[in-house]
Amino acid sequence: MNNPGQGAALNIKGLERTYGKGEHALTVLKDTNLVIEAGEMVALVAPSGTGKSTLLHSAGLLERPDNGDVFINGQSTAKMDDASRTALRRTTIGFVYQFHHLLPEFTAEENLMIPQMIRGRDKVLASQRARELLDYMKIGPRVEHRPSELSGGEQQRVAIARAVANAPSLLLADEPTGNLDPDTSSHVFDTLHTLVRETGLSALIATHNHELAAKMDRTVTLDVGQVIDITK
Ligand code: ADP
Ligand code: MG
């Protein structure tokens with residue numbers, strides 16, 4: 001069977017998402033389609049309220065669409081039960097939020113160890129990988145600090161490291177630098193960019209920053225639920 005987009009890291013097909021019911025119903029996504037090829041880094045630039053987070057959460061299997069399908073590495077998820085979706089998400093997808101969402105009572109190192117141990121990696125190896133990744137993200141000297149003892153840029157670098165701790169194939173980021181000052185934002189983005197390139201990850205990154213978007217392979221926007229390529 002020849003299925004277009006089958007080799008893609010992410011293939012969103014005919015997605016539909018409506019919030020609420022009756023006269024209060026709000027259809028955010030309708031017949032939404034998007035393909036991200038393996039190794040591609042795509043920027044999602046669109047005004048607030050257009051459905052970026054809804055699209056990213058659906059792509060990340062964090063939310064179930066009302067219709068349509070999300071293929072991860074060619075695998076259909078529409079008919080999967082919650083346990084299978086969670087298992088697939090843990091092995092293939094990394095997610096970065098605008099606010100770091102690190103666990104406040106754990107150190108940076110522990111925040112990276114926990115998702116690995118949930119997947120069955122033993123403590124020593126999880127710690128080793130956590131320290132390597134945090135070194136790479138230039139958090140090395142702060143591995144034993146808790147989130148509240150880190151700057152905003154450091155917190156986001158830890159959150160990015162955590163997202164890739166289980167070596168996903170797809171990284172989804174929802175305005176990952178939206179909460180940082182311009183200098184810190186561009187520094188964090190550069191680190192993220194290098195990480196994505198060096199690991200061959202595929203990525204979909206929502207941002208309001210056109211300068212950052214221009215550094216990616218392609219830019220798409222959302223217009224009444226439709227994904228439109230606006231790469232110049
Ligand atoms: P963006 O990330 O581009 O700002 P969102 O995906 O967060 O957009 O939201 C798109 C629209 O859907 C907005 O109008 C928002 O108010 C609405 N929305 C998002 N989540 C919910 C929800 N859980 N219930 C009702 N409406 C929602
Ligand atoms: Mg959003």
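All values below were derived from every heavy atom in this structure, side-chain atoms included, with hydrogens, water molecules and symmetry-related copies excluded. All ligand and atom numbering here is 1-based and tracks the order in the structure. Since this is a predicted model, take the numbers as computed values, not measurements.
Neither the backbone nor the side chain of Ala206 has a heavy atom within less than 4.0 Å of ligand 1.
Proximity of atom 16 (O) of ligand 1 to the protein is not indicated, since no non-hydrogen protein atom lies closer than 4.0 angstrom. The protein reaches atom 22 (C) of ligand 1 closely, with a heavy atom under 4.0 angstrom from it.
Checking only distances, Val28 never comes within under 3.5 Å of ligand 1, N or O to N or O. Note: an N/O pair closer than 3.5 Å links Ser53 and ligand 1 by distance alone. The distance criterion of under 3.5 Å between nitrogen or oxygen atoms is not met by Ser48 with respect to ligand 1.
Glu198 and Tyr136 form a side-chain donor-acceptor contact under 3.5 Å, judged by distance and modelled atom types alone. For the residue pair Ser127/Glu109, the side-chain donor-acceptor check at 3.5 Å is satisfied. Looking only at atom types and distance, the side chain of Tyr19 has no donor-acceptor partner in the side chain of Thr27 under 3.5 Å away.
The side-chain heavy atoms of Ile12 and Asn33, taken from C-beta on, include no pair separated by under 4.5 Å.
Remark: minimum distance from atom 14 (O) of ligand 1 to any protein heavy atom is reached at Leu26 CD2, 3.5 Å. Scanning the protein heavy atoms around atom 6 (O) of ligand 1, the nearest turns out to be Thr54 OG1, 2.6 Å. For atom 20 (N) of ligand 1, the closest non-hydrogen atom of the protein is Tyr19 CZ, 3.3 Å.
Using a 4.5 Å cut-off between side-chain heavy atoms of Ile, Leu, Val, Met, Phe, Trp and Tyr, with links allowed through other members, Val42 and Leu192 fall into different hydrophobic clusters. Both Leu134 and Val188 sit in one connected hydrophobic cluster of ILVMFWY residues. Membership requires side-chain heavy atoms under 4.5 Å apart, directly or through other members. Hydrophobic clustering (ILVMFWY, side-chain heavy atoms < 4.5 Å, transitive): Val96 and Leu201 are in one cluster.
Within the structure, the closest approach of Gly49 to ligand 1 falls below 4.0 Å when heavy atoms are considered. Heavy atoms of Gly51 approach ligand 1 to within less than 4.0 angstrom.
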Next item on the list: Please report the C-alpha distance between Glu144 and Arg131 in whole Å, then the side-chain angles of each, then the deciding distance to 0.1 Å, and finally whether the salt bridge (charged side-chain N to carboxylate O under 4.0 Å, His left out) criterion is met.
Entry: CA-CA 10 Å; Glu144 282 169 22; Arg131 283 171 180 263; 3.0 Å; yes
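Here Arg146 does not pair with Glu105 in a salt bridge; the nearest charged N to carboxylate O distance is not below 4.0 Å. Taking 4.0 Å as the cut-off between side-chain N and carboxylate O, Lys52 and Asp174 do not count as a salt-bridged pair.
Partner of Arg64 under the salt bridge (charged side-chain N to carboxylate O under 4.0 Å, His left out) criterion, out of Asp69, Asp81, Asp82: Asp82 alone.
Around the Mg ion (ligand 2), protein N, O or S atoms at a distance under 2.8 Å total 1; waters are neither shown nor counted.
Atoms of ligand 1 found under 4.0 Å from any heavy atom of Pro47 (numbered from 1 in listed order, with element): 3 (O). Within ligand 1, counting atoms from 1 as listed, the ones closer than 4.0 Å to a heavy atom of Lys52 are 1 (P), 2 (O), 3 (O), 4 (O), 6 (O), 8 (O).
Aromatic ring centres of His101 and Phe95: separated by at least 6.0 Å.
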